[in-house]
Amino acid sequence: MWAGVFPAVATKFTADDHLDHAEMERCYGLQMEAGCDGIIVCGSLGEGPMLSPDEKIEVLKAARKVAGDKPVLLTVNEPGTREAAAIARRAAKEGADGLMVVPSPIYHTDPQETVAALRAVAEAGDLPVMIYSNRLAYRVDVTVDMMEELASDDRFVAIKESSDDIRRSTEIINRFGSRYDLFTGVDNLAFEALSVGAIGWVAGLVTAFPRETVAIYQLMRQGRRDEALAIYRWFRPLLDLDVSTYLVQNIKLAEVLAIGTNDRVRMPRQPLSGERRKAVEKIVRDALAVRPKLPALQTSPRSVEKMAAAE
């Protein structure tokens, strides 16, 4: 169902801490212009846990306005299953094409609770679901065995694999074949995951560097590994910014320098300052100074996937 580069976009705020609809539409539009294949809103980078349900729906609508026929997924990351089911229902009514569902970020569920909660959200929204498995950030591991329990429900269509163990990607493919659309969710493991069979990339630094991200993905799908690797090696210091407690501030600062937006965040977060800000600025400016010329690409990622399916 899904393949390609899906930016986990940032949420944009005004100086008085309201949603900045115009800036979100501009920034999300840049992702579409670069050839991204979908949008995921209100995730970790999107500061989803800091948004009210009404704000989440507003961000969804902003993405929906610019996405055209490409899918827009809303992240469900509420602490309680009742609240998660409620936002899933609203998302379905307001035009979401799917959900990315995170186990409760507050209560660390056991395997039985995790499976039951994921099932409840999927049933409530009745939309295609990407399971977000991130045991490091959320301390709940959606294991391969748990994925097998969920495989009987056709609404579970994809996995965002963020365990930080590249071996997990192969384990998923060995167990399920193509049952799930396998996405990598760790920016600085993306090349490795695409090398072993992932067909999608839920990306973070793409919001500042969309064309480079799309180029790596397309080149890998077209078998042009060496060209993709050259870009990836340039990109790695930037991609490392995604794997941090400060990933939101890091990436928003990269956006300031690369696409001319702002780095406003919602408290308790604050924009980077002092030596930490200087260090991130140096990483971004150093990369911009030697930004690679991108090779010509044969076709769009979606066309490549269609050709692969036809074969």
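Nothing fancy with the numbering, it's 1 onward along the sequence. When reading the values below, keep in mind they use all heavy atoms of this one structure, side chains included, and skip hydrogens, waters and symmetry mates.
Under a 4.5 Å side-chain heavy-atom criterion applied to ILVMFWY residues, the cluster that includes Leu30 comprises Ile259 as well. Residue Met267 is found outside any hydrophobic cluster, as its side-chain heavy atoms come under 4.5 Å of no other Ile, Leu, Val, Met, Phe, Trp or Tyr. If you chain together ILVMFWY residues whose side-chain heavy atoms come under 4.5 Å of each other, Val186 ends up grouped with Leu189, Val243.
Judged purely by atom type and a 3.5 angstrom limit, Asn188 has no side-chain atom pairing as donor or acceptor with the backbone of Asp240. Put simply, the side chain of Trp234 never gets that close to the backbone of Pro292: no donor and acceptor are under 3.5 Å apart. Counting only distance, with no hydrogens or angles, the side chain of Glu161 and the backbone of Ser163 share a donor-acceptor pair below 3.5 Å. Between the side chain of Thr109 and the main chain of Glu113, no donor-acceptor pair closer than 3.5 Å is present. Looking at Thr11, its side chain does come within 3.5 Å of a backbone N or O of Gly46 through a donor-acceptor pair. Distance alone, capped at 3.5 Å, places no donor-acceptor pair between the Asp263 side chain and the Gln249 backbone. Judged purely by atom type and a 3.5 angstrom limit, Ser162 has no side-chain atom pairing as donor or acceptor with the backbone of Asn134. Checked by atom type and distance alone, the side chain of Asp242 never pairs as donor or acceptor with a backbone atom of Gly204 at under 3.5 Å. One N or O on the side chain of Asn250 and one on the backbone of Leu241 form a donor-acceptor pair closer than 3.5 Å.
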For Lys61 and Glu58, what are the C-alpha separation, side-chain angles and deciding distance, and is it a salt bridge (charged side-chain N to carboxylate O under 4.0 Å, His left out)? CA-CA 5 Å; Lys61 290 180 177 178; Glu58 290 185 52; over 6 Å; no

Hey, mind stepping through Ile159 and Phe183 against side-chain contact (heavy atoms from CB on, under 4.5 Å) and telling me if it holds? CA-CA 6 Å; Ile159 306 293; Phe183 281 65; over 6 Å; no

Checking Val66 against Ile39 for the side-chain contact (heavy atoms from CB on, under 4.5 Å) test, could you report, in this order, the C-alpha distance in whole Å, the side-chain angles of both residues, the deciding distance, and whether it holds? CA-CA 10 Å; Val66 302; Ile39 299 177; 4.3 Å; yes

Applying side-chain contact (heavy atoms from CB on, under 4.5 Å) to Leu297 and Leu219, what does each step give before you reach the verdict? CA-CA 7 Å; Leu297 298 168; Leu219 290 167; 3.6 Å; yes

Evaluate the criterion salt bridge (charged side-chain N to carboxylate O under 4.0 Å, His left out) for residue pair Arg89 and Asp126; output intermediate values, then yes/no. CA-CA 8 Å; Arg89 292 188 196 96; Asp126 198 24; over 6 Å; no

Would you check, one step at a time, whether the test side-chain contact (heavy atoms from CB on, under 4.5 Å) holds for Val206 with Cys36? CA-CA 9 Å; Val206 65; Cys36 293; 3.9 Å; yes

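Side chains of Val59 and Tyr28 form a contact here, defined as non-hydrogen atoms less than 4.5 Å apart. Annotation: side chain of Val265 is in contact with side chain of Pro271 (closest heavy-atom distance under 4.5 Å). Residues Met100 and Leu74 form no side-chain contact, since every pair of their non-hydrogen atoms from C-beta on lies 4.5 Å or further apart. A heavy-atom distance below 4.5 Å is found between the side chains of Asp97 and Arg64. No side-chain heavy atom of Val41 sits less than 4.5 Å from a side-chain heavy atom of Thr75. At a threshold of 4.5 Å between non-hydrogen side-chain atoms, the residues Phe191 and Arg225 count as touching. The shortest side-chain heavy-atom distance between Glu123 and Arg155 falls under the 4.5 Å cut-off. In this structure the side chain of Leu205 reaches within 4.5 angstrom of the side chain of Ile251, judged on heavy atoms.
Atom CD1 in Ile172 sits 7.0 Å away from atom OG in Ser133 (nearest 0.5 Å). Distance CG/Asp164 to CZ/Arg167: 10.5 Å, rounded to 0.5 Å. Here the straight-line distance linking atom OG of Ser52 with atom CD1 of Ile57 works out to 9.5 Å at 0.5 Å rounding. The OG1 atom of Thr143 lies 5.0 Å from the CG atom of Asp145; values are rounded to the nearest 0.5 Å. Rounded to the nearest 0.5 Å, atoms NZ (Lys282) and CD (Glu275) are 13.0 Å apart.
Remark: Glu192 engages no residue in a salt bridge (charged side-chain N to carboxylate O under 4.0 Å, His left out) (not counting sequence neighbours). With sequence neighbours left out, Leu150 forms a side-chain contact (heavy atoms from CB on, under 4.5 Å) with Val115, Leu118, Arg119, Ile131, Phe156, Tyr180. The salt bridge (charged side-chain N to carboxylate O under 4.0 Å, His left out) search around Asp110 returns none, not counting sequence neighbours. Listed by chain and residue number, nothing satisfies the side-chain hydrogen bond (donor to acceptor under 3.5 Å, both in side chains) test with Glu171 (two or more places apart in sequence, or in another chain). Under the side-chain hydrogen bond (donor to acceptor under 3.5 Å, both in side chains) criterion, Ser195 pairs with no residue at all, not counting sequence neighbours. Asp54 is linked by a salt bridge (charged side-chain N to carboxylate O under 4.0 Å, His left out) to Arg90, counting only residues two or more places apart in sequence or in another chain. Not counting sequence neighbours, the partners of Glu255 by the salt bridge (charged side-chain N to carboxylate O under 4.0 Å, His left out) test are Lys12. Residues passing the side-chain hydrogen bond (donor to acceptor under 3.5 Å, both in side chains) test with Glu148 are Arg175, sequence neighbours excluded. Taking the side-chain contact (heavy atoms from CB on, under 4.5 Å) definition, one finds that Arg266 meets it with Phe13, Asp17, Glu47, Met50, Leu51, Glu55, sequence neighbours left out.
Within 6.0 Å of CD on Glu83 lie more than 12 heavy atoms contributed by other residues, nucleotides or ligands. Heavy atoms of other residues, nucleotides or ligands lying less than 6.0 angstrom from CZ of Arg291 number more than 12. Heavy atoms from other residues, nucleotides or ligands lying under 6.0 Å from OH of Tyr246 number 12 at most.
Checking each of Asp37, Leu73, Val202 against Trp2 for a side-chain contact (heavy atoms from CB on, under 4.5 Å) leaves exactly one that passes, namely Leu73. Screening Asp286, Ile283, Val284 against Pro237 for a side-chain contact (heavy atoms from CB on, under 4.5 Å) leaves a single residue, Ile283.
Between Glu78 and Lys56 there is a salt bridge, since at least one side-chain N of the basic residue sits less than 4.0 Å from a carboxylate O of the acidic one. Between Arg26 and Glu23, at least one side-chain N (NZ, or NE/NH1/NH2) sits under 4.0 Å from a carboxylate O, which counts as a salt bridge.
Remark: the Trp201 side chain and the Asp187 side chain contain an N/O donor-acceptor pair separated by less than 3.5 Å. Between the side chains of Tyr232 and Glu212, no donor N or O sits under 3.5 Å from an acceptor N or O.
Judged by the 6.0 Å and 45° rule, Lys160 forms a cation-pi pair with Tyr132.
Both Phe235 and Leu257 are members of a single hydrophobic cluster when ILVMFWY side chains are connected at heavy-atom separations under 4.5 Å.
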